[in-house]
There are 2 protein chains.
Amino acid sequence: MHSHKDAGRAADLVVETLAQKIQDGELADGQPLPPERDLMQEFGISRTVVREAVLALSNKGLIEARPRHRPVVRKPGYDAAFAALESIVTHLLHEPGGVKNLFDTRIFIEAALAREAAKHADKGAIFTLKGALEANRLAINDSEAFYQTDIAFHQALYAIPRNPVFPAINKAYTSWLAPQWSQMPRLPQRNQTNYEAHAEIYEAILMRDPDAAETALRKHLSSAWQQVRTTFGDI
Amino acid sequence: MHSHKDAGRAADLVVETLAQKIQDGELADGQPLPPERDLMQEFGISRTVVREAVLALSNKGLIEARPRHRPVVRKPGYDAAFAALESIVTHLLHEPGGVKNLFDTRIFIEAALAREAAKHADKGAIFTLKGALEANRLAINDSEAFYQTDIAFHQALYAIPRNPVFPAINKAYTSWLAPQWSQMPRLPQRNQTNYEAHAEIYEAILMRDPDAAETALRKHLSSAWQQVRTTFGDI
DNA sequence: TAACAATTTTGGTCATACCAAATAAACCAA
DNA sequence: TTGGTTTATTTGGTATGACCAAAATTGTTA
């Protein structure tokens, strides 16, 4: 079954086997992994190797290993995929131009999403968007709530294509860029501006005007980027 | 969300410290990591913990650890980031709808890229695209070469925004979807069709017609998806 | 100086032991 | 029976020490 080119890692076999069991559901989601000492016997290896395998599975996101707890099987979803990027992305963000590169891709994707929404969003999706916009408006004077509804509005945008990858992308964006965003001053006046931008995007989608939707969204996010720039300077 | 700092892992400190040194350049790219026995002394820990830390760094993509070789420091780039996704994406692709979800995002992004290119590509980028297209044409009768030039043409598209994230995305796409793609029959006739599709995309970009560029690209990739469907059935 | 042989270093694996936290079992009071 | 409290067991985290084989280094020779 396994044709190992370089027989350098005993743990690899264990990782593959367990990963397969997880994917096949033999180790169901939420179920704890067998104790390390059991795995030793099952595979005929030392605990060293078992631990190495468990570590690897944990870093791959297939199990969730809280310290001193039994590792729990986590069948990976699209969210987990992007979560695996966190550490490396964090590094990239600390390099010159890192934040801008990432933010530019966000603008790029959301602009395309706005266009897509204007073209193909069904009534239900538009209604959801309208609800998110209304919640956003009601929170203008509560900066903390506004932050949440702001995120929700964009989330609604990512949900429109009905492709689970997009919400996962958005989650990743918000979590990665949160450090920058959360340090920015919260001004009610700015909330008002952002709400109006959201409204403009919504209107364009409602009017089935892709160009207007894209333009409005680009303006909105570019403005947000400028705010970041004026807060942090060149990054 | 919540970052559980349960402080139960001695290895975490080592990982953070070494990661910091890598980011700061104190451990330069390409340089081997200190021997495990040295790290033991430096941090006053057992080899067990050192190995755990090294494993973690390896899984994070900050070092490259070939079996029985000294781990080599690899300052992560955008490519490495997506490479870290491989194992988990592989799992997702094996689930129902997984391939389609991923391919749909590819269509989505490339459509937006085509539009972007038609709007903002400079002469140099268009010239590069033209060269890729010509190479593509010359390889119509050599299916293996055609496959390569096909990839190169799309790569040229991803390079246009001059944002290093996009080429990395493309690399990830091609490597993840390669298993499906490489199993499809290579027909010169199909090469001809694909070349014409590429030419149509290029022409639209040259004419600065975003709508035509997007339409042409969507048609091209949707057709490719249909070919996948007819080869593999519902996946 | 280049090819080869001897030596040291270093990563991979195993076995054992101990501790503290987590879990399960036993127990007891209401 | 039930619910909470105490005790016993399990289990993950870490430390030591040992051994091997493959690398890397050094030394030697043609």
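These numbers come from a predicted model, not from an experiment. Below, chain A is the first sequence line, B the second, and so on; all start at residue 1.
Applying the salt bridge (Lys or Arg N to Asp or Glu O under 4.0 Å) test to every pair with at least one member in residues 140-154 of chain B, sequence neighbours left out, gives these pairs: B:Glu144-B:Arg186.
Below the 3.5 angstrom threshold, one finds no donor paired with an acceptor across the side chain of A:Arg70 and the base of D:dG12.
The CG-P distance, from A:Leu39 to D:dT10, rounds to 17 Å in whole Å. When the P atom of D:dG12 is taken as reference, atom CG of A:Leu33 falls 9 Å away, rounded to whole Å. B:Phe43 places its CZ atom 17 Å from the C1' atom of D:dA15, with the value rounded to the nearest Å. If you measure from atom CD of A:Glu52 to atom P of C:dC14, you get 10 Å, rounded to the nearest angstrom. Following rounding to the nearest Å, B:Arg68 (CZ) and D:dA24 (C1') show an atom-to-atom distance of 13 Å. One atom, CD of B:Glu36, and another, P of D:dA15, lie 14 Å apart when rounded to the nearest Å. At whole-Å resolution of the value, CE in A:Met40 and P in C:dA15 are 7 Å apart. For the pair B:Arg51 CZ and C:dT10 P, the computed distance is 14 Å after rounding to whole Å.
Annotation: A:Glu86, atom CD; neighbour count of heavy atoms from other residues, nucleotides and ligands within 6.0 Å does not exceed 12. Around atom CD of A:Gln148, more than 12 heavy atoms belonging to other residues, nucleotides or ligands sit under 6.0 Å away.
In the set C:dG11, C:dA22, D:dT16, the nucleotide with an atom closest to the side chain of A:His69 is C:dA22. The side chain of A:Val49 sits closest to C:dC14 out of D:dA24, C:dC14, C:dT23. Of all nucleotides listed (D:dA21, C:dA15, D:dT14), D:dT14 comes nearest to the side chain of B:Thr48.
A:Asp24 places no side-chain N or O within donor-acceptor distance of the main-chain N or O of A:Glu26, the cut-off being under 3.5 Å. With B:Arg47 contributing its side chain and B:Arg37 its backbone, the two residues share no donor-acceptor pair below 3.5 Å.
For the pair B:Arg47 and D:dA15, the criterion of a side-chain N or O lying under 4.0 Å from OP1 or OP2 is not met.
Across the interface with DNA chain C, nearest-nucleotide mapping of A:Arg37 and B:Pro35 shows B:Pro35 to be the residue nearer the 5′ end.
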